[in-house]
Structures are given as C-alpha cells and as structure tokens.
Amino acid sequence: MKKYLAELVGTFILVLFGVGTAVIAGDKVGILGIAFAFGLAQVAAIYGIGPISGGHVNPAVSLGVWVAGRMSLKDMIGYWVAQCLGAILAAWVLLVIAVGTAGYSLAANGLGQDGWGPGYQGGYNIESAILFEFVATLIFVVVILGSTQKAAPAGFAGLAIGITLLAIHIFGIYITGVSVNPARSLGPAIFVGGQAIRQLWLFLVFPSVGGMVAGLLFRTKLLAAD
C-alpha cells in the first residue's frame with residue numbers, strides 16, 4: 001500500500017501545481033510558466049516519492065513500464081487507481097481554491113481541462129490532437145524507460161524526465177493543453193463536465209497507446225542498453 005499511496009501523492013503534486021498554475025496564474029506566466037510548472041512538479045514528484053514507487057504519477061507511464069516487463073499487472077492496476085484518485089483529489093482542491101475569488105467561474109474559466117477543436121486553444125483538429133498525444137507520450141515514456149535502465153547515469157532520471165515534460169508542454173499546450181497522462185486529463189474533466197468529458201476518451205486512449213509502444217521498444221530490446 002505504501003507504493004500506491006506514494007503514487008497518489010505524486011500525482012496530486014503534479015496535477016495541483018501544473019494544472020493549478022494554468023488556472024490560477026496562466027494569464028500572468030503564459031505558456032512558458034505553465035510548462036515550467038509541470039516540469040518542475042514532475043521533478044519534485046519523482047525525487048519525493050520515486051524511492052518508494054518509482055514516481056510514475058501517470059497511468060500511461062505505468063502501462064509502458066508493465067509492457068517493458070518492469071512491473072507486475074497487479075501493481076500496474078494499483079498504480080492506475082492511485083494515480084486517478086490523486087488527480088481527482090488535486091482537481092477538487094484546485095477548484096475549492098479557485099472559487100475563492102469573485103472573478104472565477106468554472107463554466108467560464110474551466111479547470112485546465114484538455115481538449116481540441118474550435119474554441120479550444122489553437123483550434124487544432126482531432127487528427128492533430130491524436131498525433132500529438134501519441135507521439136509526445138511515446139517520446140516521454142521512452143525517456144523515462146531509457147533514463148531509468150541500469151546502464152543510465154544514476155541520479156539524473158528525475159531531471160531528464162522533468163525537462164522532457166517541460167519541452168512537451170512548450171510544444172503542445174496550444175494544441176491540446178497537453179495530457180500525455182490520462183489521470184491528469186481525468187481529474188479536471190470530472191468537475192468541468194460537458195465537452196471535457198466528451199473529449200476525454202482521446203486523452204485516455206492515445207497516451208496509453210504511446211506508452212505501450214514505448215514499452216514494446218524496450219521489451220524487444222530495440223532501445224534497451226541492458
């Protein structure tokens with residue numbers, strides 16, 4: 001249970017500070033500020049709870065790790081439950097904080113939910129959203145699996161992973177808001193409802209597929225150094 005609790009806490013950290021920055025201070029810090037918030041929150045979560053659970057804080061990462069043969073099916077499912085609960089709890093805490101000012105409306109301002117299409121960010125179509133989420137998650141999980149293998153330099157994985165997530169957000173916030181993490185998308189969508197829920201399937205499916213492909217690249221030793 002300690003591993004599952006660690007994943008809940010780590011995902012809570014990522015969603016609260018990443019999504020929270022977008023909701024509370026996005027208009028002040030811009031895309032770069034939001035990207036840094038996600039990247040630094042990822043680094044904090046990995047070094048904070050990594051020694052206990054590995055610091056996945058992302059169902060697509062856990063899926064990739066399982067496909068690569070580095071964790072059991074039971075642990076993967078336990079991680080998924082913990083990660084989703086952590087994201088939902090973080091979104092709830094963020095909502096309670098956000099409504100503390102008269103200028104905030106959930107219907108008007110949202111909760112940092114992911115999406116695509118007319119009226120959302122750059123208005124990118126579904127094909128662009130699918131391709132971005134698949135490729136970005138594939139790259140993200142490749143970095144995670146590569147930087148945590150035995151041949152990788154010890155102690156630097158957290159930085160490599162956080163910097164990669166930062167770069168992904170700089171590139172993709174204007175496309176989908178950036179998921180690459182089904183739990184991150186699930187938490188805000190539950191409270192926002194409407195279009196966020198209707199579009200949630202994309203952020204559950206394609207990051208997961210990207211994670212699976214990355215896992216296969218390591219399971220088949222195509223990218224594994226050990």
Side-chain angles (χ1 to χ4, degrees), residues 1-23 37-38 41-42 44-46 48-50 52-68 70-98 106 110-116 129 133-134 136-138 140-141 144 161-162 165 168-169 176-212 214-215:
M1 289 303 296
K2 185 183 292 187
K3 292 185 293 187
Y4 306 146
L5 178 60
E7 284 297 310
L8 187 154
V9 171
T11 310
F12 179 90
I13 291 170
L14 176 67
V15 174
L16 182 66
F17 287 105
V19 178
T21 299
V23 173
F38 272 102
Q42 180 83 41
I46 289 172
I49 57 97
I52 301 171
S53 67
H56 297 185
V57 300
N58 181 336
V61 171
S62 297
L63 180 58
V65 172
W66 175 72
V67 170
R70 299 188 190 178
M71 74 183 305
S72 69
L73 178 62
K74 175 187 175 183
D75 274 344
M76 181 186 73
I77 294 172
Y79 276 35
W80 283 357
V81 173
Q83 291 155 356
C84 290
L85 288 175
I88 293 168
L89 180 60
W92 175 77
V93 170
L94 173 58
L95 179 59
V96 172
I97 293 171
L106 178 60
L111 201 63
Q113 68 271 17
D114 294 311
W116 75 85
E133 289 294 335
F134 168 73
T137 310
L138 170 61
F140 187 46
V141 180
I144 291 170
I161 295 165
L165 188 62
I168 287 171
H169 276 80
T176 64
V178 180
S179 174
V180 302
N181 183 336
R184 173 264 181 269
S185 298
L186 175 66
I190 284 177
F191 294 97
V192 174
Q195 181 170 294
I197 288 290
R198 291 193 296 271
Q199 294 187 341
L200 179 62
W201 66 271
L202 188 150
F203 304 108
L204 301 180
V205 172
F206 289 98
S208 298
V209 175
M212 289 179 63

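Numbering starts at 1 and runs along the sequence shown. This one's a predicted model, so the numbers in the text were calculated from it and none came from an experiment.
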Participant: Could you pull out the closest heavy-atom pair between Ile168 and Phe140, with the gap in Å?
Facilitator: CD1-CB, 3.7 Å
Participant: If I take atom CG from residue Leu165 and atom CD from residue Gln42, how far apart are they, to the nearest 0.5 angstrom?
Facilitator: 5.0 Å
Participant: Minimum heavy-atom separation for Leu16 and Ala90, please, with both atom names.
Facilitator: N-CB, 3.8 Å
Participant: Under the 3.5 angstrom rule, does the side chain of Gln113 hit a backbone N or O of Ala189 as a donor-acceptor pair?
Facilitator: no
Participant: Can you find a pair of side-chain heavy atoms, one from Val57 and one from Ile49, that are under 4.5 Å apart?
Facilitator: yes
Participant: Under a 4.5 Å cut-off applied to non-hydrogen side-chain atoms, are Leu73 and Trp66 in contact?
Facilitator: yes
Participant: Taking all atoms of both residues into account, what is the closest heavy-atom pair of Ala129 and Trp116, and its distance?
Facilitator: CB-CB, 3.8 Å
Participant: Are Leu200 and Asp114 packed together at the side-chain level, in the sense that at least one heavy-atom pair is separated by less than 4.5 angstrom?
Facilitator: no
Participant: Side chains of Pro182 and Val205: closer than 4.5 Å at any heavy-atom pair?
Facilitator: no
Participant: For Phe206, check ring pair (Phe, Tyr, Trp, His ring centres under 6.0 Å) against everything at least two apart and list the hits.
Facilitator: none
Participant: Would you give the length of the straight line joining atom CG of Leu8 to atom CG of Leu85, rounded to the nearest 0.5 angstrom?
Facilitator: 6.0 Å
Participant: Among Leu186, Val81, Asn181, find the one that has a side-chain contact (heavy atoms from CB on, under 4.5 Å) with Pro59.
Facilitator: Asn181
Participant: Please test His56 against Val65 for side-chain contact (heavy atoms from CB on, under 4.5 Å), starting from the C-alpha separation and ending with a verdict.
Facilitator: CA-CA 9 Å; His56 297 185; Val65 172; 3.9 Å; yes
Participant: How many angstroms lie between CG in Leu202 and CZ in Phe134, if you round to the nearest 0.5 Å?
Facilitator: 12.5 Å
Participant: Do Ser185 and Leu204 have side-chain heavy atoms sitting under 4.5 Å apart?
Facilitator: no
Participant: Please say whether more than 12 non-hydrogen atoms of neighbouring residues, nucleotides or ligands are located less than 6.0 Å from CZ in Phe17.
Facilitator: no
Participant: Just wondering, do Val178 and Phe38 contact through their side chains at under 4.5 Å, heavy atoms?
Facilitator: no
Participant: For residues Leu89 and Thr11, determine if any side-chain heavy atom of one lies less than 4.5 Å from a side-chain heavy atom of the other.
Facilitator: no
Participant: Find out whether Val180 and Glu133 are in side-chain contact, i.e. whether some heavy atom of one side chain is under 4.5 Å from a heavy atom of the other.
Facilitator: yes
Participant: Can you pull the side-chain hydrogen bond (donor to acceptor under 3.5 Å, both in side chains) pairs that have at least one residue in residues 79-94, sequence neighbours excluded?
Facilitator: Glu7-Gln83, Ser62-Gln83
Participant: Show the nearest heavy-atom pair for residues Thr21 and Ala37, with the distance to one decimal.
Facilitator: OG1-CB, 3.3 Å
Participant: I need the minimum non-hydrogen distance between Val23 and Ala98, along with the two atoms involved.
Facilitator: CG1-CB, 4.3 Å
Participant: How long is the straight-line distance from OG of Ser179 back to CG of Asn58, given to the nearest 0.5 Å?
Facilitator: 7.5 Å
Participant: Counting only heavy atoms from other residues, nucleotides and ligands, does the tally under 6.0 Å from CE of Met212 exceed 12?
Facilitator: no
Participant: Specify the closest pair of heavy atoms between Ala41 and Leu14, including all atoms of both residues, with the distance to one decimal.
Facilitator: CB-CA, 4.0 Å
Participant: side-chain contact (heavy atoms from CB on, under 4.5 Å), that's the test. Do Phe12 and Val93 meet it? Break it down for me.
Facilitator: CA-CA 10 Å; Phe12 179 90; Val93 170; 3.9 Å; yes
